Amino acid sequence: MKIWQKAMEIAVRVYEVTATLPMEERYNLTSQIKRCAISIPSNIAEGAGRNHDKEFIQFLAVANGSTYELMTQLILAQKLDLFGQTTVQPLIDQLIEVSNMNFAFQKTLKEK
């Protein structure tokens, strides 16, 4: 699924950029950012493996929640001067794209 592939790309990129964060953030913001990034493709995958569209929609909703949570954490990291705009904005753009795809996919599943 294209949405899952894009979410995986985001997760990989998040791991790359969080490697540059200070060690004192390892168990705080860094850990939270990584968990959110992993949650997005994981919930899409888990939903795809369910037997009913209603369950799939629920997991897509959780993935979308993680998408917005990750956006918030990236913006926070930027405001704390842990990331620059050139790091955060491309990720935000990708997250918005995944979120839009997610909402459209949920709508399609609901209309079945």
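The figures that follow rest on heavy atoms only: side chains count, while hydrogens, waters and symmetry mates do not. Small disclaimer: the values here were computed from a predicted structure and weren't measured.
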* Asked: Leu70 and Cys36: which non-hydrogen atoms are nearest, and at how many Å?
  -> CB-CB, 3.9 Å
* To do: Calculate, to the nearest 0.5 Å, the distance between atoms OG and CD1 belonging to Ser99 and Ile92 respectively.
  => 11.0 Å
* Identify whether Phe83 and Leu76 are in the same connected component of the hydrophobic contact network (ILVMFWY, side-chain heavy atoms under 4.5 Å). => yes
* Taking salt bridge (Lys or Arg N to Asp or Glu O under 4.0 Å) as the test, write out the residues that go with Glu97, two or more places apart. => Lys6
* Answer yes if the side chains of Glu55 and Asn51 hold a donor-acceptor pair under 3.5 Å, and no otherwise. => no
* To the nearest 0.5 Å, what is the distance between OG (Ser31) and CD (Glu25)? -> 10.5 Å
* For the atom pair CD1 (Ile33) and CG (Leu82), what is the distance rounded to the nearest 0.5 Å? -> 8.0 Å
* Gln32 and Asn28: side chain donor to acceptor below 3.5 Å -> no
* Could you state whether Val14 and Val12 fall into the same hydrophobic cluster, counting links through intermediate Ile, Leu, Val, Met, Phe, Trp or Tyr residues with side-chain heavy atoms under 4.5 angstrom apart? => no
* Taking atom OG1 of Thr18 and atom CG of Leu29, what is their separation to the nearest 0.5 Å? -> 9.5 Å
* Report the relative orientation of the aromatic rings in Tyr68 and Phe103; use parallel for angles under 30°, tilted for 30 to 60°, perpendicular for over 60°. => tilted
* Spatial distance of atom CE (Met101) from atom CG (Leu60) [nearest 0.5 Å] -> 11.0 Å
* Asked: How far does CG of Leu80 sit from CD of Gln73, to the nearest 0.5 angstrom?
  -> 11.5 Å
* NZ/NE/NH1/NH2 to OD/OE distance under 4.0 Å, Glu46 and Arg50 -> yes
